[in-house]
Amino acid sequence: MPDDRPILLWFRRDLRLSDHPALDRAASSGRPVIPVFIHDEVVEGYKAAPKWRLGLGVGHFADRLAGIGSRLILRRGEALGVLQQLIEDTGAATVWWTRAYDPASIRRDEEVKSTLTGQGIEAASIPGHLLFEPWTVETKQGGFYKVYTPYMRAVWDRDVAPTLTAPSELRAPAQWPDSDTLDDWRMGAAMDRGADIVRAFVNVGEEAAQTRLAGFARNDIADYDDARDIPGQDGTSNLSENLTYGEISVRACYHAGMRALDDGKPGARTWVQELIWREFAYHLLFHTPRLVSDNWREDWDAFPWNEDERLAEVKAWKQGRTGIRFVDAAMREMYVTGRMHNRARMIVASYLTKHLMCHWKIGMHWFEECLIDWDPASNAMGWQWSAGSGPDATPYFRVFNPVSQLDKFDKDRAYVNRWIAEGQDDPHPDALKYFDAIPRHWHMSPDDDYPEPIVSHEDGRERALATYKNRDF
DNA sequence: TGCCTCTTAGA
DNA sequence: CTAAGAGGC
């Protein structure tokens with residue numbers, strides 16, 4: 001007699017029906033499937049914007065499951081205890097989930113797996129978040145890659161399996177276990193900025209992500225190479241938000257990019273290489289989990305970073321009033337939309353870690369607070385890359401000039417004018433939204449004079465380079 | 001996925 | 001005077 005006991009399908013950052021290997025396996029087993037999302041110790045650690053955005057994704061995904069005759073069971077508590085309770089309540093014999101690679105998730109998942117396995121439950125993680133498992137990519141010497149380009153070359157010609165189609169139905173259990181109500185979790189509670197303002201810029205869910213991918217591949221990917229560098233225009237895919245919550249699979253993106261490349265759209269190669277940057281970040285994080293917490297190159301521990309969040313320059317940077325237009329526009333864009341253009345991310349990171357000589361962790365934590373596309377691997381790698389403390393990092397002496405970058409990448413000032421209201425006769429509506437989104441105690445008004453630079457490019461560059469030159473490492 | 005300064009060739 | 005390349009940070 002075939003096993004008819006339910007399968008618990010534990011969803012985390014994989015909120016989709018399409019190209020979901022664990023879901024596909026569960027659906028084709030013919031057994032009852034109980035999808036569950038747990039507000040657990042890892043979710044507890046999420047900061048304001050990511051937690052809020054995750055809540056939107058979870059709510060949407062519950063509706064998706066309802067559309068195929070299933071449900072999303074919501075429970076709160078430590079993951080292991082919640083799963084054990086659900087096993088007891090439902091008679092489930094199996095727990096499957098999509099594998100995660102950040103240190104907090106790995107700790108949790110290893111404990112869940114070993115404990116449940118010890119209790120006779122089949123507990124297994126199934127790939128689905130990445131194109132290439134981190135341990136399958138090795139240098140000739142047998143180590144992991146520390147430099148992007150050789151990593152990219154090593155994986156470029158690999159076969160990537162085709163995508164899986166979404167199941168049209170999912171067998172329900174004889175009886176559904178109890179579920180919490182999403183609203184009771186108040187996942188937006190820490191979103192004490194204009195969440196209703198940010199809401200206008202988010203793109204929640206699997207269908208929205210697929211529509212976005214199709215439009216990007218059809219209209220924008222050919223010119224991605226050049227257009228991606230212009231923050232005043234919408235030349236990027238904007239899919240990071242969906243990728244981070246698994247609302248679209250990286251495999252679907254990869255195949256769309258490769259098809260576009262075959263169709264003779266040259267920018268597609270660069271875009272696929274950006275997907276491989278994401279892979280590389282997870283590769284590094286898996287092999288060196290301290291990427292999220294410590295200087296990857298330990299000699300940087302001796303560098304005199306400012307680590308005090310209360311420093312006036314740190315506040316000015318966070319609040320978008322450094323007096324450097326490119327920096328302030330970018331910080332405001334992030335506050336209003338939950339996203340920041342990638343070119344701008346490099347510029348604000350260079351300014352914080354070099355001109356202001358502040359530790360990259362300050363920046364990493366603020367991004368984690370504000371970004372709806374927050375990804376633990378990409379965020380940590382990006383900051384260490386910018387600061388110069390990471391593997392394959394930009395050298396510390398490579399200091400972006402945030403003034404001349406405007407002439408290169410924002411010639412018509414479309415970007416800074418979109419996000420900075422002060423001094424404009426007829427400010428862009430988005431520039432005004434910033435003042436509705438920020439807390440009152442920041443005391444900022446569109447009628448203020450735009451501030452003088454707190455640290456000019458020339459002074460900041462000179463100080464940073466002098467400090468670097470005199471370093472004792 | 002730098003920026004700056006210096007040098008030199010050529011208009 | 002400008003453009004382009006080299007080399008240092």
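The sequence lines fix the lettering, A, B, ..., with proteins before strands; numbering per chain opens at 1.
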Exam field: side chain Arg278(A) to backbone Leu275(A), donor-acceptor pair closer than 3.5 Å: no
Take a 6.0 Å sphere around CZ of Arg413(A) and say whether it holds more than 12 heavy atoms from other residues, nucleotides or ligands. yes
Tell me the interatomic distance from Tyr468(A), atom OH, to dG8(C), atom P, rounded to whole angstroms. 14 Å
Check nucleotides 1-7 of chain B against the protein and report each pair of N or O atoms closer than 3.5 Å, with its distance, or say if there are none.
| from | atom 1 | to | atom 2 | distance (Å) |
| --- | --- | --- | --- | --- |
| dT1(B) | O2 | Arg343(A) | NH2 | 2.9 |
| dG2(B) | OP2 | Arg398(A) | NE | 2.9 |
| dG2(B) | OP2 | Arg398(A) | NH1 | 2.4 |
| dG2(B) | N2 | Phe397(A) | O | 2.9 |
| dC3(B) | OP1 | Asn401(A) | N | 2.9 |
| dC3(B) | OP1 | Gln405(A) | NE2 | 3.4 |
| dC3(B) | OP2 | Lys408(A) | NZ | 2.4 |
| dC3(B) | O2 | Arg461(A) | NH2 | 3.2 |
| dC4(B) | OP1 | Asn401(A) | ND2 | 3.3 |
| dC4(B) | OP1 | His457(A) | NE2 | 3.0 |

Quick check, are the ring centers of Phe303(A) and Tyr396(A) under 6.0 angstrom apart? yes
Determine the sole option in Gln210(A), Arg251(A), Arg64(A) for which the side-chain hydrogen bond (donor to acceptor under 3.5 Å, both in side chains) test with Ser18(A) is passed. Gln210(A)
For Tyr335(A) versus Cys370(A), what's the shortest heavy-atom pair and its separation? CD1-SG, 4.4 Å
